[in-house]
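Report on the following structure.
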Amino acid sequence: MAKNKRLSLLSLISIGIIFLFISLNKNTTISAPEKIIILHTNDVHCQIDQKKNKDGIVTNIGYAGVLAYKKEMENLHGINNVTLVDAGDAIQGGPIGTLSKGEYIVDIMNYVGYDIACPGNHEFDYGMENFLKLSTETSKANYICCNFRDLEGNPILSPYTLIKYGDLIIAYLGINTPESFTKSSPIYFQDENGNYIYDFAQGEKGQTLYKTVQKYVDEAIKEGANYVVAIGHLGDEGASEYWSSKSLIKNTYGIDIFIDGHSHEVYSEILKNKKGKNVLLAQTGTKLQNLGKITINTKNKKITSEFISNYKAQDEDAVNYIEGIKNKFSDVLQEVIAKSSVTLTTLDPTTHKRAIRNSETNLGDFCADAYRTMVGANIAFINGGGIRADIEEGDITYEEIINVHPFGNEICMIETTGQDILDALEVGACEYPIENGGFLQVSGLSYTIDPSIPSSVVFNERGQFVKVDGKYRVTEVIVGNEPLVLNKTYTLASHNYMIKNGGDGYTMFMDDKMIKDSVVIDNGALINYITENLNGVIGDEYKNPKGSGRIIIKENISSNSQEEIKNVA
């Protein structure tokens, strides 16, 4: 009898141990937690450190801040009830990303403890082979995307992943913008013969994307998902109309939360889906100016959203880890290579908002001048989206130059016609006054944009230029001191992204005669221009932050015309 009692006691102890083990296991907790916390970031673009302004206010919380807040939430709500996700464009945009082809950024994200990530268009900037290695081998986060697929419709990555929070299941579904074809380099999605071998469900004016997303939403719900969280890199302002997050929400159903990226906006709002149900849409801006926090209250079914900003805490171990990575490149990055007596900017000097994607700036002039001078071309073009950071007055380090041009594109020169020049300017101006990464900063010419003329640029389903099917809003193009001649041949300098690969939709140059191919990388051209042509000092020729008057915008537009432009864009 005593023996049986001892066995019974041992059995009870064993059961207790098993029960304790089960209760600690994320996937088998008996009931749902009261609150589920989803922390989200997007468009970090290599902003790995915390930054403060002159008043001590944190403007960018940095990855060590993300980890500190994540641990704070885990202490409050339980380690298994906090999920950290990223909505793309993390690995490109700064020296550490450029010099390591994104690998060190992924290492930092692994250290911080990201659970899930969706690729943005810039995750492809170091080539497809590199992206697939980072996303499937290097990253500890689960990279997901339902619409990045081969031509037979097979997803390259998992379309979604399911996470259990007790007996509650959340499906996380990845969606990347079809703009990746042109907002990264088109060549990365082609075979060696220039044939496209990848697809982003880009057809039928958005319908193919909507159907693809709906298919996997339905599939996830059928697998038992109680909530569907889309992690999308689609954006709103400046994004292609049919591929924006808001258009997708309006044309699908079943998504409860949409975590967005791509357009660098800050918003948290409720939209109606195709069936009139509420969908929370949130985006945090860029460069960790905010950390997004979404709370699902499982008791009352409420979903709330907030932004964590001016967060000063830093995880010290993460700070040390990041410093160790930075130290590998510190000697090279901090080398002073030139000086500037003025500040070269991407911003409007009055509003301090980004201006390089819809107006002329002195930094745009400077970069275009460097390209043109480097190869001796008649004209130079550079897309505003390729100019990523300011150059402050004073000493200029190698790091600052890389920050301006982090992509590592190569300077090329072609022979092209006046007609192609005009068409390219029209493509650059097609979305004005809305920001456009393809907006052209120029050297060797000037031009006027008349926003009262609706854009008639026609693009194909991949966002590539087809033709101008109406009146041009770009007029008065002057090359040197002479009007542009459409059937005349000119030499044009730009980088391989635009000239060779048709980036930002500029396909009109891809068949033109190459005069100088891959002369030097883009940031090298800037260094050479300062040191060899400006005697090591950027001077007063660039003192006006609004540039030297190369891009003229016709004013006095009626309110009706402005509304028409907005609708067309």
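Along the sequence shown, residues carry numbers from 1. These values consider heavy atoms only, across backbone and side chains, with no hydrogens, waters or symmetry-generated copies.
Within the model, atoms CZ of Phe329 and CG of Asn327 stand 11.0 Å from one another, a figure rounded to the nearest 0.5 Å.
Remark: of the listed residues Asp365, Asn362, Asp369, Thr343, Asp369 is the sole one forming a side-chain hydrogen bond (donor to acceptor under 3.5 Å, both in side chains) with Tyr542.
In this structure a side-chain-to-backbone donor-acceptor pair under 3.5 Å is missing from Asn60 to Lys51. Between the side chain of Gln202 and the backbone N or O of Leu209, no donor-acceptor pair lies under 3.5 Å. Checked by atom type and distance alone, the side chain of Asp390 pairs as donor or acceptor with a backbone atom of Thr346 at under 3.5 Å. No donor-acceptor pair closer than 3.5 Å links the side chain of Gln47 to the backbone N or O of Val44. The main-chain N or O of Phe381 is never found under 3.5 Å from a side-chain atom of Tyr371 such that the two would form a donor-acceptor pair. The backbone N or O of Gly97 sits less than 3.5 Å from a side-chain atom of Tyr126, completing a donor-acceptor pair. With hydrogens and angles ignored, the 3.5 Å screen pairs a side-chain donor or acceptor of Glu179 with a backbone N or O of Ser240. Proximity of a side-chain donor or acceptor of Asn409 to a complementary backbone N or O of Asp522 within less than 3.5 Å is not detected.
A donor atom on one side chain and an acceptor atom on the other are not found under 3.5 Å apart for Glu360 and Gln441. Side-chain contact, Asp236 with Ser245: no donor N or O sits under 3.5 Å from an acceptor N or O. Using modelled atom types and a 3.5 Å distance limit, the side chains of Tyr506 and Ser494 yield no donor-acceptor pair. Side-chain contact, His233 with Glu123: no donor N or O sits under 3.5 Å from an acceptor N or O. Tyr267 and Glu237 share no donor-acceptor pair across their side chains, judged by distance under 3.5 Å alone. No donor-acceptor contact under 3.5 angstrom links the side chains of Asn383 and Tyr497, judged on distance only.
Taking the ring centroids of Tyr111 and Tyr63, they lie at or beyond the 6.0 Å cut-off. If you look at Phe148 and Phe124, their ring centroids are closer than 6.0 Å. The aromatic ring centroids of His405 and His495 lie 6.0 Å or more from each other.
Leu157 and Ser135 get closest at one heavy-atom pair: CD2-OG, 4.0 Å.
At least one side-chain heavy atom of Ile116 sits less than 4.5 Å from a side-chain heavy atom of Ile163. Looking at Asp260 and Asn42, their side chains never come closer than 4.5 Å, going by heavy atoms from C-beta outward. No side-chain heavy atom of Arg149 sits under 4.5 Å from any side-chain heavy atom of Asn154. Put simply, the side chain of Cys412 reaches to within 4.5 Å of the side chain of Met514, judged on heavy atoms.
By the side-chain hydrogen bond (donor to acceptor under 3.5 Å, both in side chains) test, Tyr143 pairs with no residue at all, sequence neighbours left out. Asn195 is linked by a side-chain contact (heavy atoms from CB on, under 4.5 Å) to Asp191, Asn193, counting only residues two or more places apart in sequence or in another chain. When the side-chain contact (heavy atoms from CB on, under 4.5 Å) test is applied to Asn142, the partners found at least two apart in sequence or on another chain are Ile144, Thr161.
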Determine whether Ile96 and Cys46 satisfy the following criterion, side chain to side chain contact (heavy atoms under 4.5 Å, CB included), listing intermediate values before the conclusion. CA-CA 7 Å; Ile96 299 300; Cys46 299; 5.7 Å; no
Worked verdict on Ile91 versus Val106 for side chain to side chain contact (heavy atoms under 4.5 Å, CB included): CA-CA 7 Å; Ile91 68 172; Val106 173; 3.9 Å; yes
When you look at Tyr172 and Asp115, which way does the side-chain hydrogen bond (donor to acceptor under 3.5 Å, both in side chains) test go after all the steps? CA-CA 11 Å; Tyr172 293 88; Asp115 298 293; over 6 Å; no
Stepwise side chain to side chain contact (heavy atoms under 4.5 Å, CB included) test for Ile156 and Asp150: CA-CA 7 Å; Ile156 306 302; Asp150 63 25; 4.3 Å; yes
Go through the steps for Phe200 and Phe189 under the test ring pair (Phe, Tyr, Trp, His ring centres under 6.0 Å), then give the verdict. CA-CA 10 Å; Phe200 283 96; Phe189 307 103; 5.4 Å; yes
Evaluate Phe307 against Ser268 for side chain to side chain contact (heavy atoms under 4.5 Å, CB included), listing each step before the verdict. CA-CA 9 Å; Phe307 298 114; Ser268 177; 3.9 Å; yes
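With respect to the salt-bridge test (charged N to carboxylate O, under 4.0 angstrom), the residues Lys133 and Glu129 do not qualify. Between Asp348 and Lys353, no side-chain nitrogen of the basic residue sits less than 4.0 Å from a carboxylate oxygen of the acidic one, so the salt-bridge criterion is not met. Electrostatic pairing of Glu269 and Lys246 counts as a salt bridge here, judged by a charged N lying under 4.0 Å from a carboxylate O. Under a 4.0 Å N-O distance rule, the pair Lys326/Glu323 qualifies as a salt bridge.
Counting heavy atoms of neighbouring residues, nucleotides and ligands inside a 6.0 Å radius, atom NZ of Lys293 exceeds 12 of them.
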